**Q** 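Let me begin by handing over the structure; questions about it come next.
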Amino acid sequence: DARPLPPLRPPSLGTGHPMPALAFNAFVMNTASHIQHGQWRHPDARQVDFNDVDLWVDLARTLERGLFDAIFFADVVGLYGPLGGDYEVNAREGLQIPSNDPSVLLSALAVNTEHLGLAFTSSVLQAHPFDFARKVSTLDHISRGRVAWNIVTTHLENAARNFGQDQLTPHDERYAWAAEYVDVVYKLWEGSWDEGALLIDRARGVFADHNKIHKIHHVGPRYRVEGPHLSAPSPQRTPLLFQAGSSGAGRQFAAANAEGQFIVTPNPTVAAELIRDTRRLAVATGRRAEDIKFFQGLSFIIGSTEAEVRHKEAEYDAYASVDGFLAHHNYAVDRYGRPYPADTPLAAIQSEASQSILDWYAKSSPGTEPTVADLGRLASRRGRVAGTPEQIADQLELWQQAGVDGINVINWHLPGSYEEFNEHLLPVLQQRGLAKREYRPGTLRQKLFGSDHINDRHPAARYRGAFTPKTETRNVEFA
């Protein structure tokens, strides 16, 4: 429809000052069952074709037509569930097994898009920081500056054993590990190459000035990295940085390092509290509150009428896998990793991992005795927003007023969930001023923050020029 849209009426929080449009990421995974377990069985669900690169190229182009800021890939390097637990449900449901490495896929998406950000998850567990830094710089070159890294520390016992550990590193120690890991890659990305080191001077036969390329000589508790970084600086140097932990240690890490934090809170009130606290922590580290953008994870059920919404909701619920949700969140399993039968009352379950959650669900159903099956159904409704486009826009305004800067849109079906977003929800969001009408040119960081490079308040910035010799004796042979 080429007709002009009505004039914008941006929300203002009652202050008269228009708020910026929300950012939107597509939250996906290179697997058949990512978040909405059981939906792969639906005849319209093409996520079963996740090995087919054409699915992802077509999806990336769909997202770019919908002005999405990024495609955001989750990833894991192990099985969900307790150590030694039964993984029959994981395999039967396709619950993130099989799955593929998203970083490899990004190259194909980069050359088939122009504006879409390319965010991927990589744990500090799975790649040495020297090798990882080079991979990211390569992707940032290929995409002309559109790569983002979601920094994770890995909470899966099986993942730890896949990389040679005797046991999973304790929670807060994993964040200390992450702190050294990012320190290494910051040194490589920001400090190893000075500006102007890459000359490509054919006349003099000088490709790069070695005086402006530096070894970093990092020595720490886990890593010894000499350097230099083998890749020349990419358009962003340091990729846009996401982080998803909401524990105390996770929020402290995000406050110091993240430019985007992925949150999954139950309502805008809880989101507002978490955002305020994390922004406070960021300011305490010397950053500004606005240096971090917060992305709430939500899934949409869109209908033209409320009757259509209820019909689609019932259809999605009919395909939902209770077993899949229970296995993903490690709910309702015994000490040996075996799931309790679906009709087991929650009150009869003793769990080391999620007792507080089980108690909360039991109390949320007064006058009844909820079972394991009820728990799975409740988990499947987490983060769901169902309604007409106008009703969903109303809800997104509430999330925005709580301090949320963007939405990680969780799909039901690929590519249908995002096609529905483009056709039905996006025009209403644009009319409300909740979604942009065109892309800003430049790198992903330029689009979201107005600068190609990470700002001077970020800890990575302290390595700019940090390895440059204090006594300048350079360029003599090139004078």
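For clarity, every value in this text was computed on a predicted model and none was experimentally measured.
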**Q** Starting from the C-alpha separation in whole Å, work towards a yes-or-no answer on side chain to side chain contact (heavy atoms under 4.5 Å, CB included) for Ser192 and Ile216.
**A** CA-CA 6 Å; Ser192 188; Ile216 65 169; 4.2 Å; yes

**Q** Compute whether any side-chain donor of one residue and acceptor of the other, for Asn422 and Arg65, lie under 3.5 angstrom apart.
**A**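 Note: Asn422 and Arg65 side chains miss the donor-acceptor criterion.
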
**Q** Is the backbone N or O of His458 less than 3.5 Å from a side-chain atom of Asn455, with the two atoms forming a donor-acceptor pair by type?
**A**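 Yes: the side chain of Asn455 pairs with the backbone of His458.
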
**Q** Assess, by modelled atom type and distance only, whether the side chains of Ser99 and Thr31 contain a donor and an acceptor separated by less than 3.5 Å.
**A**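 Result is no, nothing qualifies.
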
**Q** Evaluate the criterion side-chain hydrogen bond (donor to acceptor under 3.5 Å, both in side chains) for residue pair Thr169 and Glu173; output intermediate values, then yes/no.
**A** CA-CA 6 Å; Thr169 303; Glu173 289 182 32; 5.7 Å; no

**Q** Atom CD of residue position Gln165 - does it have more than 12 heavy atoms of other residues, nucleotides or ligands inside 6.0 Å?
**A**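 Yes - once you tally the heavy atoms of other residues, nucleotides and ligands closer than 6.0 Å, there are more than 12.
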
**Q** With distance as the sole test, does Asn267 use its side chain to make a donor-acceptor pair with the main-chain N or O of Val270 at under 3.5 Å?
**A**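 A pair under 3.5 Å: yes.
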
**Q** With heavy-atom distances below 4.5 Å as the criterion, would you say the side chains of Gln236 and Gln446 are in contact?
**A**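 In short, these two side chains do not touch, never coming nearer than 4.5 Å.
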
**Q** Start with the C-alpha gap between Ser417 and Asn411, add the side-chain angles, then the distance that decides, and say whether side-chain hydrogen bond (donor to acceptor under 3.5 Å, both in side chains) holds.
**A** CA-CA 5 Å; Ser417 294; Asn411 65 84; 5.1 Å; no

**Q** Quick one: does Phe294's side chain get under 4.5 Å of Trp399's, heavy atoms only?
**A**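 With C-beta onward as the side chain, the pair stays apart.
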
**Q** Mind running side chain to side chain contact (heavy atoms under 4.5 Å, CB included) on Ser33 and Gln47 for me, showing each step along the way?
**A** CA-CA 8 Å; Ser33 191; Gln47 53 261 45; over 6 Å; no

**Q** Are the side chains of Thr153 and Trp177 in contact, using a 4.5 Å heavy-atom criterion?
**A**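 No - every pair of side-chain heavy atoms lies 4.5 Å or more apart.
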
**Q** Is the number of heavy atoms from other residues, nucleotides or ligands within 6.0 Å of CZ (Arg144) greater than 12?
**A**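 Atom CZ in Arg144 is not packed in, count stays at 12 or less.
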
**Q** Where is the tightest heavy-atom contact between Ala74 and His34, given as atom of each residue plus distance?
**A**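 Reported closest heavy-atom pair: CB-NE2, 3.4 Å.
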
**Q** Regarding Asn25 and Asp69, do their side chains bring together a donor and an acceptor under 3.5 Å, going by distance alone?
**A**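 There is no such pair between these side chains.
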
**Q** Is any side-chain heavy atom of Thr265 closer than 4.5 Å to one of Leu274?
**A**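 A side-chain contact under 4.5 Å exists here.
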
**Q** Between Arg134 and Asp131, is the closest basic N to carboxylate O distance under 4.0 Å?
**A**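 No, no charged N to carboxylate O under 4.0 Å.
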
**Q** Are Asn100 and Asn51 close enough that a side-chain donor and a side-chain acceptor fall under 3.5 Å?
**A**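 Present: a donor and an acceptor within the cut-off.
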
**Q** Nearest heavy-atom pair of Tyr80 and His155: which atoms, and what distance?
**A**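 Answer, listing the atom of Tyr80 first, then His155: CE2-NE2, 4.0 Å.
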
**Q** Would you name the heavy atoms of Ile454 and Leu241 that are closest together and state the gap between them?
**A**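 Distance-wise, the nearest heavy atoms are CD1-CD1, 3.9 Å.
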
**Q** Please walk me through it: do Asp101 and Ser103 pass side-chain hydrogen bond (donor to acceptor under 3.5 Å, both in side chains)?
**A** CA-CA 6 Å; Asp101 183 343; Ser103 68; 2.7 Å; yes

**Q** Begin with the C-alpha distance, continue with both residues' side-chain angles, and end with the deciding distance and a verdict on side chain to side chain contact (heavy atoms under 4.5 Å, CB included) for Phe295 and Ile263.
**A** CA-CA 6 Å; Phe295 290 77; Ile263 61 175; over 6 Å; no

**Q** Mind checking whether His413 and Tyr316 have ring centres under 6.0 Å apart?
**A**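 Yes, the ring of His413 comes within the 6.0 Å limit of the ring of Tyr316, centre to centre.
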
**Q** Among Val428, Leu429, Leu426, exactly one meets side-chain contact (heavy atoms from CB on, under 4.5 Å) together with Leu434. Which residue is that?
**A**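 Single pass found, and it is Leu429.
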
**Q** Would you check if the side chain of Gln36 reaches a backbone N or O of Ala320 as a donor-acceptor pair within less than 3.5 Å?
**A**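 Side chain of Gln36 to backbone of Ala320: no pair is present.
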
**Q** So Asn257 and Pro459, do their side chains get closer than 4.5 Å, heavy atoms only?
**A**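 Result yes, sub-4.5 Å side-chain heavy-atom pair found.
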
**Q** Grab the two heavy atoms, one from Ser451 and one from Thr443, that are nearest each other, plus how far apart they are.
**A**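 Distance-wise, the nearest heavy atoms are O-OG1, 4.3 Å.
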
**Q** Cation-pi check, Lys293 to Phe449: give yes when NZ or CZ is under 6.0 Å from the six-membered ring centre and within 45° of the ring axis, no otherwise.
**A**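 Yes; both conditions hold, so Lys293 lies above the ring face of Phe449.
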
**Q** Looking only at heavy atoms, what is the nearest atom pair of Thr121 and Pro102, with distance?
**A**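 For Thr121 and Pro102, the tightest heavy-atom pair comes out as O-CG, 4.5 Å.
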
**Q** In terms of relative ring orientation, are Tyr418 and Phe68 parallel, tilted or perpendicular, with 30° and 60° separating the classes?
**A**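 If you compare the ring of Tyr418 with that of Phe68, the planes turn out perpendicular.
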
**Q** May I have the step-by-step check of salt bridge (charged side-chain N to carboxylate O under 4.0 Å, His left out) for Glu313 and Arg381, ending in yes or no?
**A** CA-CA 10 Å; Glu313 193 166 25; Arg381 302 180 70 85; 3.1 Å; yes

**Q** Do you see a donor-acceptor pair shorter than 3.5 Å between the side chains of Glu190 and Thr238?
**A**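 A donor-acceptor contact under 3.5 Å links the two side chains.
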
**Q** Quick one about Glu226 and His218 (side-chain donor to acceptor, distance below 3.5 Å, no hydrogens or angles considered), yes or no?
**A**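 Side chains of His218 and Glu226: no pair found under 3.5 Å.
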
**Q** Taking it one step at a time, do Gln391 and Glu306 satisfy side-chain hydrogen bond (donor to acceptor under 3.5 Å, both in side chains)?
**A** CA-CA 10 Å; Gln391 290 170 334; Glu306 291 196 28; 2.9 Å; yes

**Q** Do Ser137 and His229 pair up side chain to side chain, a donor and an acceptor below 3.5 Å, judged on atom types alone?
**A**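 His229 and Ser137 do have a side-chain donor-acceptor pair below 3.5 Å.
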
**Q** A quick test of your reading: do over 12 heavy atoms of other residues, nucleotides or ligands sit less than 6.0 Å from NE2 of His128?
**A**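 Yes.
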
**Q** Are Asp452 and Arg237 ion-paired here, with the side-chain N under 4.0 Å from a carboxylate O?
**A**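 No, no charged N to carboxylate O under 4.0 Å.
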
**Q** Report, as yes or no, whether the 6.0 Å neighbourhood of atom OH on Tyr87 holds more than 12 heavy atoms from other residues, nucleotides or ligands.
**A**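 No, OH of Tyr87 has 12 or fewer neighbouring heavy atoms, counting only those of other groups under 6.0 Å.
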
**Q** For the rings on Phe242 and Phe72, is their centre-to-centre separation under 6.0 Å?
**A**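 So the answer is yes for these two rings.
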
**Q** Can you find a pair of side-chain heavy atoms, one from Tyr439 and one from Leu67, that are under 4.5 Å apart?
**A**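 The answer is yes, as the side chains (C-beta and beyond) meet within the 4.5 Å cut-off.
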
**Q** Over 60° means perpendicular and under 30° means parallel, so tell me whether Tyr181 and Tyr223 are parallel, tilted or perpendicular.
**A**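 If you compare the ring of Tyr181 with that of Tyr223, the planes turn out perpendicular.
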
**Q** Between Trp56 and Phe73, what is the ring plane arrangement, given parallel below 30°, perpendicular above 60°, and tilted in between?
**A**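 The rings of Trp56 and Phe73 sit tilted, inter-plane angle from 30° to 60°.
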
**Q** Dump the intermediate steps for side chain to side chain contact (heavy atoms under 4.5 Å, CB included) on Arg146 and Thr113, then the final yes or no.
**A** CA-CA 10 Å; Arg146 291 184 282 134; Thr113 54; 2.8 Å; yes

**Q** Is Asp317 paired with Arg310 through a side-chain N to carboxylate O contact shorter than 4.0 Å?
**A**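 Judged by the 4.0 Å cut-off on N to carboxylate O distance, Arg310 and Asp317 do not form a salt bridge.
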
**Q** Return yes if a side-chain donor-acceptor contact under 3.5 Å exists between His141 and Ser231, otherwise no.
**A**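 No, Ser231 and His141 have no side-chain donor paired with an acceptor closer than 3.5 Å.
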
**Q** Is there a donor-acceptor contact under 3.5 Å from the side chain of Arg384 to the main chain of Ile301?
**A**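 No; zero donor-acceptor contacts below 3.5 Å.
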
**Q** Would you call the rings of Tyr319 and His42 parallel, tilted or perpendicular, where under 30° means parallel and over 60° means perpendicular?
**A**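 Ring orientation of Tyr319 relative to His42: tilted.
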
**Q** Using a 4.5 Å cut-off on heavy atoms from C-beta on, say whether the side chain of Thr388 contacts that of Ile302.
**A**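 No, too far: nothing below the 4.5 Å cut-off.
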
**Q** Parallel, tilted or perpendicular: which fits the ring planes of Phe253 and Tyr175, with parallel below 30° and perpendicular above 60°?
**A**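 Plane angle between 30° and 60°, so tilted.
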
**Q** For the side chain of Glu64 and the backbone of Ala60, is there at least one donor-acceptor N/O pair under 3.5 Å apart?
**A**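 Not at all, since once roles are kept as given, no pair shorter than 3.5 Å links the two residues.
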
**Q** Do Asn162 and Gln126 make a side-chain contact, defined as non-hydrogen atoms from C-beta onward lying under 4.5 Å apart?
**A**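 Side-chain contact under 4.5 Å: no.
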
**Q** Considering non-hydrogen atoms only, spot the tightest contact between Trp149 and Ser122 and give its length.
**A**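 Looking at all heavy atoms of both residues, the shortest contact is NE1-O, 3.0 Å.
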
**Q** Check the pair Arg41 / Glu93 against salt bridge (charged side-chain N to carboxylate O under 4.0 Å, His left out), numbers first and verdict last.
**A** CA-CA 9 Å; Arg41 297 181 294 120; Glu93 297 295 334; 5.4 Å; no

**Q** Gln96 side chain to Asn30 main-chain N or O, any donor-acceptor pair under 3.5 Å?
**A**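 It does not hold such a pair.
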
